[in-house]
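Here's the structure we're looking at; comments come further down.
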Amino acid sequence: MGMTETIDARLREGLSPSHLAVTDDSHHHIGHAGYREGGESHFSVEIVSEKFIGVNRVNRQRMIHELLKAELVSTIHALQIKANTPDEIKAMGTGGF
């Protein structure tokens, strides 16, 4: 299983999202710190979960970091996170992210 699939599985299991998109952005970081040949070092996550209701942005990121703790220590160099509740996405209008 690749890192994209691992991130997806851990976040689905821990946060039961209604929307989840995990993107390997490593190709944008060739030659930069943390880049590894073959990628799987820099990721973006867009996630919508009811488990974020009443949780501030910093603690949402902490929740995600806790679920990915082993990968952040060993494999993932950078993780960009957009974490919202379903109501926040509705308030943004069509398209959400």
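We're numbering straight along the sequence, starting at 1. Please read all numbers here as calculations on a predicted model, not as lab measurements.
- Rounded to the nearest 0.5 Å, atoms CE (Met3) and CD1 (Ile76) are 5.5 Å apart.
- Surrounding CD of Glu5 are more than 12 heavy atoms belonging to other residues, nucleotides or ligands, all under 6.0 Å away.
- Here the straight-line distance linking atom CE of Met63 with atom CD1 of Ile81 works out to 11.0 Å at 0.5 Å rounding.
- Here the shortest heavy-atom pairing between Ser49 and Ser16 reads OG-O, 4.2 Å.
- Applying the salt bridge (Lys or Arg N to Asp or Glu O under 4.0 Å) rule to Lys69 yields the partners Glu66; only residues at least two apart in sequence or on another chain are considered.
- Scored by the salt bridge (Lys or Arg N to Asp or Glu O under 4.0 Å) test, Arg12 finds Asp8 as partners (sequence neighbours excluded).
- For the pair Phe52 and Asn84, the tightest heavy-atom approach, listed with the atom from each and the gap, is CD1-O, 3.4 Å.
- Partners of Ser44 under the side chain to side chain contact (heavy atoms under 4.5 Å, CB included) rule, at least two apart in sequence or in another chain, are Thr23, Asp25, Gln80.
- Every residue meeting the side chain to side chain contact (heavy atoms under 4.5 Å, CB included) condition with Leu68, not counting sequence neighbours, appears here in chain and number order: Ile7, Arg10, Leu11, Ile64, Glu71, Leu72, Leu79.
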Side chain to side chain contact (heavy atoms under 4.5 Å, CB included) for Arg60 and Thr85? Distances and angles first, verdict last. CA-CA 10 Å; Arg60 292 175 190 188; Thr85 67; 3.5 Å; yes
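- Checked against side chain to side chain contact (heavy atoms under 4.5 Å, CB included), Ala21 has the following partners two or more places apart in sequence or in another chain: His19, Glu46.
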Walk me through it: do Leu67 and Leu15 pass the test side chain to side chain contact (heavy atoms under 4.5 Å, CB included)? CA-CA 9 Å; Leu67 291 168; Leu15 297 171; 3.6 Å; yes
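- Evaluation of the side chain to side chain contact (heavy atoms under 4.5 Å, CB included) rule for Val58 yields Asn56, Arg62 as partners, not counting sequence neighbours.
- Residues passing the salt bridge (Lys or Arg N to Asp or Glu O under 4.0 Å) test with Glu50: none are found, sequence neighbours excluded.
- Residues Ser18 and Val48 have side chains in contact (heavy-atom distance under 4.5 Å, counting atoms from C-beta outward).
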